Amino acid sequence: MLALSGPASARTPTPIYDSSALLTPQPTSFSQCPQFFARGSPPAAPPAPRRRELCYEAFAVLHDGVSRTPLYVAQRLTRRSIEDADERRADRFFADARLPSGERAELDDYKRSGYSRGHMAPAGDMPTPTAMAQSFSLANMVPQNIQHNGGPWSKIEQDTRQYVLRAKGDVYVITGPVFTESSPTIGRNAVKVPTYLYKLVYDATTQRAWVHWQANREGERVSPPISYQELVKRTGIEFLPKVVPQH
DNA sequence: CGGCGGGCAATG
DNA sequence: CATTGCCCGCCG
């Protein structure tokens, strides 16, 4: 078992799962890693059962036990963190033991599924060996078209890193899957295959945001970004805190 | 073309 | 379970 033994996760107690936990939402554990969210505010998603908040050393995951994937993964990137992102790729994927077995993807689900294990918070962003290892949690993965993952999506990840290298301050990135009624599943645990993937990039210094919205399929090219408001419309999730008018 | 970064699977 | 070789797409 690969220990999630980084400083951040060491401070994160393992959630207790019992019947009452399914009925009454637990207090947010994102409160223990607010640094990954703009102004410390996690996205406002409509409440739903079987959602778990997981903090890691360099990113935070809202996991969905129905799809057995993350719903979104949040990061804060800086020029410094990208300059530090020169770790050797760990390449050791693992099922995340902090999730109940019925809610999580297992390695066998992806094996010979025809889909790759696609990072939401990319391995290439990770600034420390611990963060690199943690990024291979299946709680950070969705079944992704192999060609799209290694091609256009990889390009978007690298473009994002290049942007951050030139940014003046904090850049918040939120990445996640979008499912449709017809979304297929893989493996015995029926891990849902996303129809679309998005990556929201928000530069807190300039207060500019843009969104990469890509179909999870063969032949998909890098599409022109869409607006933040369009992302909210398509997902129903308010990812960024509403700006409080100053006076 | 080679290097790099996203992966995969076979092998002891 | 770690190592190794391989595939693919993108870019300079």
Side-chain angles (χ1 to χ4, degrees), chain A residues 1-6 56 58-59 61 68-70 72-73 75 77-79 81-98 101 104-166 171 173-178 184-189 191-201 211-225:
Chain A
M1 164 64 199
L2 198 153
L4 298 174
S5 56
Y56 299 80
F59 57 96
V61 170
R68 278 85 168 182
T69 68
Y72 59 73
V73 179
Q75 302 171 266
L77 301 177
T78 62
R79 183 170 59 83
S81 76
I82 295 300
E83 285 170 351
D84 283 345
D86 56 357
E87 309 302 325
R88 181 180 168 180
R89 188 179 166 93
D91 248 326
R92 286 160 48 190
F93 296 85
F94 62 99
D96 203 305
R98 288 191 290 177
S101 57
R104 70 188 185 220
E106 302 289 346
L107 294 172
D108 277 351
D109 294 324
Y110 283 87
K111 197 158 292 183
R112 282 177 290 275
S113 68
Y115 290 89
S116 62
R117 299 166 288 202
H119 281 70
M120 295 292 89
D125 286 358
M126 297 301 147
T128 69
T130 298
M132 168 62 80
Q134 290 180 352
S135 81
F136 283 80
S137 165
L138 293 188
N140 184 40
M141 304 290 160
V142 303
Q144 195 167 352
N145 175 271
I146 294 173
Q147 180 268 340
H148 184 250
N149 190 23
W153 193 252
S154 171
K155 177 71 161 54
I156 286 168
E157 292 174 342
Q158 290 170 45
D159 288 350
T160 302
R161 285 193 283 273
Q162 287 304 307
Y163 176 83
V164 174
L165 281 176
R166 291 160 176 75
V171 178
V173 179
I174 301 183
T175 311
V178 176
T185 66
I186 58 169
R188 295 197 322 157
N189 295 296
V191 182
K192 271 194 191 173
V193 178
T195 306
Y196 300 100
L197 300 176
Y198 61 84
K199 184 181 289 290
L200 161 63
V201 183
V211 179
H212 298 283
W213 178 274
Q214 297 281 129
N216 181 30
R217 67 181 175 210
E218 197 87 12
E220 177 80 346
R221 309 300 186 92
V222 175
S223 307

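Since the model is a prediction, treat every value here as computed from it, not as a measurement. Naming: A, B, ... by sequence-line order, numbering from 1 per chain.
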Measure NE2/A:His148 against C1'/C:dC7 and give the value in whole Å, please.
18 Å

Please state how far atom CG in A:Asp159 lies from atom C1' in B:dC4, giving the value in whole angstrom units.
14 Å

Any pair counted as salt bridge (charged side-chain N to carboxylate O under 4.0 Å, His left out), so long as it reaches residues 136-152 of chain A, sequence neighbours left out
none

How would nucleotides 6-12 of chain B be written as a contact map, 5' to 3', with B for base contact, S for sugar-phosphate-only contact and - for no contact, using protein heavy atoms under 4.0 Å?
SBSS---

Backbone N or O of A:Tyr196 within a donor-acceptor pair of the A:Gln214 side chain at under 3.5 Å?
no

Rounded to whole Å, please give me the gap between CG in A:Asn145 and C1' in C:dG9.
12 Å

Between A:Tyr56 and A:Ser137, what is the shortest heavy-atom contact and its length?
OH-OG, 3.5 Å

Specify whether A:Phe136 and A:Phe93 have parallel, tilted or perpendicular ring planes, treating 30° as the upper limit for parallel and 60° as the lower limit for perpendicular.
perpendicular

Does the A:Asn149 side chain pair with the main chain of A:Ile146, one donor and one acceptor, at a distance under 3.5 Å?
no

